[in-house]
Every structure is written in structure tokens, then in C-alpha cells.
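Since we're looking at a predicted model, the values are computed, not measured. Labels below follow one simple rule: chain letters A, B, ... track the order of the sequence lines, proteins then strands, and each chain is numbered from 1.
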2 protein chains.
Amino acid sequence: MKFTIGRTAFTKALNTVSRAISTKTTIPILTGLKLVASQSAIVLTGSDADISIETTIKADNPDNLLAVESEGAIVLPARFFTDIVKKLPQDTITLEVGENFQTMITSGQSSFTINGLDANNYPHLPEIQTNTSIPLASDLFKQIISQTVVAVSNQESRPILTGVHFVISENHVMAVATDSHRLSQRKVTLEKSIEGSYDFVIPGKSLTELSRMIDDDQEEVSLSVTENQALFVIGDTLFYSRLLEGNYPDTGRLIPDSHDTRVSFDAPDLLAAIERASLLSHESRNNVVKITIDPDKKTVTIYGNSPDVGNVEEDMEPNQVEGNQLEISFNPDYMKDALRSFGQSTINVDFTSALRPFTLTPTEDSDRFIQLITPIRTF
Amino acid sequence: MKFTIGRTAFTKALNTVSRAISTKTTIPILTGLKLVASQSAIVLTGSDADISIETTIKADNPDNLLAVESEGAIVLPARFFTDIVKKLPQDTITLEVGENFQTMITSGQSSFTINGLDANNYPHLPEIQTNTSIPLASDLFKQIISQTVVAVSNQESRPILTGVHFVISENHVMAVATDSHRLSQRKVTLEKSIEGSYDFVIPGKSLTELSRMIDDDQEEVSLSVTENQALFVIGDTLFYSRLLEGNYPDTGRLIPDSHDTRVSFDAPDLLAAIERASLLSHESRNNVVKITIDPDKKTVTIYGNSPDVGNVEEDMEPNQVEGNQLEISFNPDYMKDALRSFGQSTINVDFTSALRPFTLTPTEDSDRFIQLITPIRTF
């Protein structure tokens, strides 16, 4: 195996597959990356068994400066090899595999010889054969991910809650996540209806990593799903994630269908006030912020308190206040996560009582997106 | 005590004094910052006992938006208070100290009450009374610091070596640091001669912190020295550092006055090659890079090796090679630190033998700056 390649294109591909490679793995060969050279392209693969990423550098794209002299395959230590490529002196580099998987990397006057591994020992990627692939607009898909992963659980005690639950049928996509203290649900409509229906749970970590890989210039991501794997195709890159096994809880029944008190805010204003209140609640043993609502006086006040350090009180100027009087306490960090996912929108915060979950929804298109937070009992 | 102040000016001053404040201190009140309000200004002080910083916000500068209603002093929890000020909603904030050192901070509709401490319990700053202050051009002084602190020791076994040794007399400034494996010495000439002579050692940490505080728009720093303290005046800010006690070793005799082999490089080219070689030496138990010099063939070759991972070999194209043949090994991290301090300069690397220290000097103005590195015996 021998080829010459442009350092810029090669570095970009190495960074892409490195996202899947962990130094903490029980399978030593997975700390390496697999390189396969054919006449028309080289293919790089990285994997941590949960996520696998495969990207192709094609010889017919002149930007890649790729010329394959002889075909073959090798596994090289990922982090170390990537560091070398980044520091090489010239714009092109030559890689040649010799005897005993010894690999020579040359660029200008610099010549590295590193110990590779037999590519035959590298695990095979999951095989995904479906006839259906679901096209998703990249920016919308990234939004779905960012709006739902905030509510994913990071506790391994209920593994199914560490993922985002997707339900797709006809032209409807619903994504929901909950850690049992809060919930985030997003619905979108596809441009075209798809065949069949899908119900699966993807690990939150996979989605976060996937989201980072989708460049702004990438218009579409296509999704295929089998029993235990999802495959996302992003240009010349394939992203595989295992699916979580088990039944996702029925979250529909958690969302209240009525409210007794409603307050409307610009999301950034409420976020700034909660951030200030949380400065104090974070200094306290129980991280709690209190809000009092008086619809008669049209006042909403936010309180944070730490016995050691002091307290904060802030009178808000909500766009609208209606319904019953209320005093309710909650974890401000959940509130901050929820509010950030609304960006610059105007939102309704809907309460039923001090011990029942409350919801945040955009004032426009309110059935598309809902965040739910369980309050904290303080009395 | 009550005053109103612009948030921007206040935040800048808080960031300045916070540089001296450590959360790890054995004196609890030093986790706070002292605020003193007089009619004409407020003065902020932070200290970790080694370093103290005092900065003044003047009422006569309209940019500060400062109006003092009543005078007084208070100590507030530094990190927490700074976080609050940064997150306040309006451009101006009002601070008022009430009973029992309770301090109210208001901005717009947001109102914080935090527990302050009696300013009378805050330690006094060192008193520095000298008639002489030494003016130093800011950019040159920052260069002296960055070029010498690289060689400062971080081992507390010989405390005196954790500082930079300054010797100042007439119009000469000499700064030198060594950790006994390497040495860096810088000399500069002052525009005007000063009265008296100075010989003192400032902790490297103080200099690093000081250097970060000197903005590019600050033309001059003035230095005063007493028996155990140095004071640097930077505009409206005073920076105090304790001096290290003890005799600094005589470093002059360590610098060789002749060489048997000389190689000339552009510093960035040699740096890049050493960085590549150190990728491999870092994977090895003994972090060593080897260089061979053959003046007859005009060749210089750099080697890095790790039994587990592989090796690298690079033929350099030096500007000049003269003297005896040589093979010498060294710690590449020392070499990288030294080379970075030369920026884009062309340098001479001068050797006597494989076991004697070698030096790096700029080809122009070579007596101004010298870096010395002790080789590693590998045979």
C-alpha cells in the first residue's frame, strides 16, 4: 500500500474519524484508525463500538491531491498518527506500508516510521441494508438534537433514558427526551411522507457527536435505521450509532393539557434573571430558585437565596400574566437549559400548581416544541 | 458607604485585582476583595500574600460613570461578587453597605444582598518608600519576562531558583533564570542611567501574572524595590510582589566562552523539526532527541525514537555548519521552550562537546540574549 495525499484533506478526514475514537477502550485495536487504499479512493474508519465513522477521500477530486500507487490496508495509532500528520512540513505527504506493518510517512525532509497493525483484525462495521432512507434538512436536524439532548439523562441506572426517542411515520417526526425531572419534546413535519414507520432510541452522546460533524454547508443528512443500528450519511461520511434496547416510557401522558397560571416572557430576559438568581442558589446546599406570580398586580418576582452568602430578588416585567396566584420553586439549571433551547423566542410558561410540572412553549407554533420541568417541594 | 458606577469600568477593575486573589489561601479574608470609597475615587485591592494588586477608579474620568454618595470600606467575596457584577442587567450599578456589613447591589430591577466583612480586618499592603523608580518600556519588559521565565524552576527544593534574578545598575539591566538543567539570560540597556544599583530575585509566578496585566496600550511600567518587596506601577494600578530571600547562584561561570561546533538556523525551522521529533520522544520512557552534525558534509540530522511506536529522522538544511563533528542528545521540551523565545530570529547553536552545555544566541546582537541547555548522556 502506497499513496500520496494533500495534508489539508487528510487532516480534515482524520479529525472526522477521530471523533469516534476513544483512548479509553477495552478493545486495543479501536485506539487505532483503519486506512484502506483503493485505486479510486482511500477510506478512513474510526470506532468506539458505540459509534463508528467512515469517511472517503476520492482521487477524482483534485483538491485532495490524492494519488494511489498501490492498494492495501493498515491500522495506525489514531491520536499519534493524527499529531504527526498535522506537524508535517509539506503540503503533501506520502504513506507507504512495508514489512511487518511498518509504515513510513514522509513529507519533505521528514521521515517517520511507525508500527501499524494488521487491518484484518479490525472489527467489521455493522451492515445496514434498508431500502428506505429518510432525508432530513441539516439545520433543522441539528436544532432537533440541541433542543432534546439537554433533557437526556446522564445516569446509567435507567439506560433507556440516556437516549432520545424518535417516532417517525408518514411526514411526522417526533423526538423526545426525559431524565424524569424534565422533558423536552420536539415535532417537525417532513417535506415528503416516507414509507413505513420507525420507533427507536439513539444515545444522546451519539447525537451530540453527530451534530458537531454536520457543517453549515451540508444541506441534507440521510438516515437509515435497522433493528439495532442507525446510519447517517453526511456527504462522503457515514456515521453509525447503535440504538438503545428497551421500551421508552410513555411520555405523552406526562404533558399537562391545561394550565391555571400563564406568564409570557422573552426567553433571553427570563434566562438572564434565572442566571442571576442561580448565582446564589449555587452557593446553597439545595440549589433552588423561587418564583412568585401575582396576576392581580401583574407582578412576577424571582428569588435566590444562600444562608452563607446572601440573597437576590428581582421584579420581572413579563409580557403577560394571567390565572391564579402561585409560588413555585425549581432547579434553576434545568430552567436555564430549557430557556437556552428557545433562543430569542417569546415563550409561555404554564403552571397548574406548586407541586405539578410546568411547561415552556413558544408563543408561536406552540405544539411544535415543549419543555417540561418538575418543581421542587420546599414546604 | 454608597456609590454608583459604570459596569464596564467596574468589571475591568475587578478582573485586574482578581488576578491576585486565590481561592486556596490559609487566610480566609484574602478570598475577598477590599473596596474603599472616597469622594474622588474607589480603590480595589486583592492579595494572596505573595502578590497584591491595588487599582483605582477615579470619579473625574467620565467613562467610569462613578458617583460616590458616602465614603467607607468593605470586603466582599471576590469570585462571587465579580460573577454578580458581570451578570447585572444595566450599564450602571449601585452598591450600598448597610448594617452588619450587609451589602446591597442593585441594577435595574435586580437587587442582591450579600454578606460582607469588616475592612479593618484586611491585611495592610507592604509600604514601599523609595526615592528611586526605574522606568521600563512595557513591550521590552514583557519580552524580558517571557524570555527568562521559561527557565525558572518549578521545584520548591531550591526556592531561589523559582525566581528571576535581576541585576540593575547605571543603564544596564540583566535578568537571568535557571532550573539547573537550562538557563536563560537577557540583557537590556536603559535609555537613562539610574541612581544606585539593585540585585533582587522576583518569583517567576509574579512576573507571569504581571506580564498578563500589561496591556499593549500601556507605554511604561515603573519599578521600585525595597529589601523584600517590588512595586510595579502600571497606570492606575499598583502591583506588589514579595522578593525571594537568599543568594542567587553565580550563573556567569556557567556560560561557555568558546565553541567547537556551530550551526545556524532560522529558529522556526529548527522548532518545527524538534516538535516533530518530540512526538516520538514523548512516547518513550526517556524523553530524548538526538542531533548529529557533520560539518564536512554540511549535514545536520535530527532523530526521535520510541521502541513501542516507531522513529523519525529528519535532514535539516541549516544556514551554516562549521567546526567538529558531533552527536548530542537533549530534552526536546527544553529546546522547544528556548526556540520559541527567539521568535522569527536567525540563531547560532554553539556546542563544545557531547556532555557540555550548548547555547542558543541570536546571530544579530548575540550578547543580548543567551539560552543554555545541558545535554543528556545516552551512552
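Taking the six-membered ring for Trp and thresholds of 30 and 60 degrees, Phe351(A) and Phe358(A) have ring planes inclined between 30 and 60 degrees apart.
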Could you show, one pair per line, the donor-acceptor contacts under 3.5 Å between chain A and chain B?
unit_1: Arg79(A); atom_1: NH2; unit_2: Glu283(B); atom_2: OE2; d: 3.4
unit_1: Lys87(A); atom_1: O; unit_2: Arg276(B); atom_2: NH1; d: 2.7
unit_1: Gln109(A); atom_1: O; unit_2: Asp315(B); atom_2: N; d: 3.4
unit_1: Ser110(A); atom_1: OG; unit_2: Glu314(B); atom_2: OE1; d: 3.1
unit_1: Ser111(A); atom_1: N; unit_2: Glu313(B); atom_2: O; d: 3.0
unit_1: Ser111(A); atom_1: O; unit_2: Glu313(B); atom_2: N; d: 2.9
unit_1: Thr113(A); atom_1: N; unit_2: Asn311(B); atom_2: O; d: 2.7
unit_1: Thr113(A); atom_1: O; unit_2: Asn311(B); atom_2: N; d: 2.7
unit_1: Asn115(A); atom_1: N; unit_2: Val309(B); atom_2: O; d: 2.8
unit_1: Asn115(A); atom_1: ND2; unit_2: Asp308(B); atom_2: O; d: 2.7
unit_1: Asn115(A); atom_1: ND2; unit_2: Val309(B); atom_2: O; d: 3.4
unit_1: Arg276(A); atom_1: NH1; unit_2: Lys87(B); atom_2: O; d: 2.7
unit_1: Glu283(A); atom_1: OE2; unit_2: Arg79(B); atom_2: NH2; d: 3.4
unit_1: Asp308(A); atom_1: O; unit_2: Asn115(B); atom_2: ND2; d: 2.7
unit_1: Val309(A); atom_1: O; unit_2: Asn115(B); atom_2: N; d: 2.8
unit_1: Val309(A); atom_1: O; unit_2: Asn115(B); atom_2: ND2; d: 3.4
unit_1: Asn311(A); atom_1: N; unit_2: Thr113(B); atom_2: O; d: 2.7
unit_1: Asn311(A); atom_1: O; unit_2: Thr113(B); atom_2: N; d: 2.7
unit_1: Glu313(A); atom_1: N; unit_2: Ser111(B); atom_2: O; d: 2.9
unit_1: Glu313(A); atom_1: O; unit_2: Ser111(B); atom_2: N; d: 2.9
unit_1: Glu314(A); atom_1: OE1; unit_2: Ser110(B); atom_2: OG; d: 3.1
unit_1: Asp315(A); atom_1: N; unit_2: Gln109(B); atom_2: O; d: 3.4

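Heavy-atom pairs under 4.5 Å with chain A peak, among Ile105(B), Ile114(B), Leu88(B), Leu280(B), at Leu280(B). Per-residue counts of heavy-atom pairs under 4.5 Å with chain B were compared for Gly310(A), Ala272(A), Ala273(A), Pro89(A); the largest is that of Pro89(A).
In this structure, the side chains of Leu76(B) and Phe101(B) stay at 4.5 Å or more apart for every pair of heavy atoms. Contact check for Ile302(A) versus Val289(A): side-chain heavy atoms found under the 4.5 Å cut-off.
Checked against the 6.0 Å centroid threshold, Phe81(B) and Phe112(B) do not count as a close aromatic pair.
Evaluation of the ring pair (Phe, Tyr, Trp, His ring centres under 6.0 Å) rule for Phe80(A) yields no partner, not counting sequence neighbours.
We find the CG-CD1 distance between Leu117(B) and Ile29(B) to be 5.0 Å, quoted to the nearest 0.5 Å.
Within 6.0 Å of CE on Met104(A) lie no more than 12 heavy atoms contributed by other residues, nucleotides or ligands.
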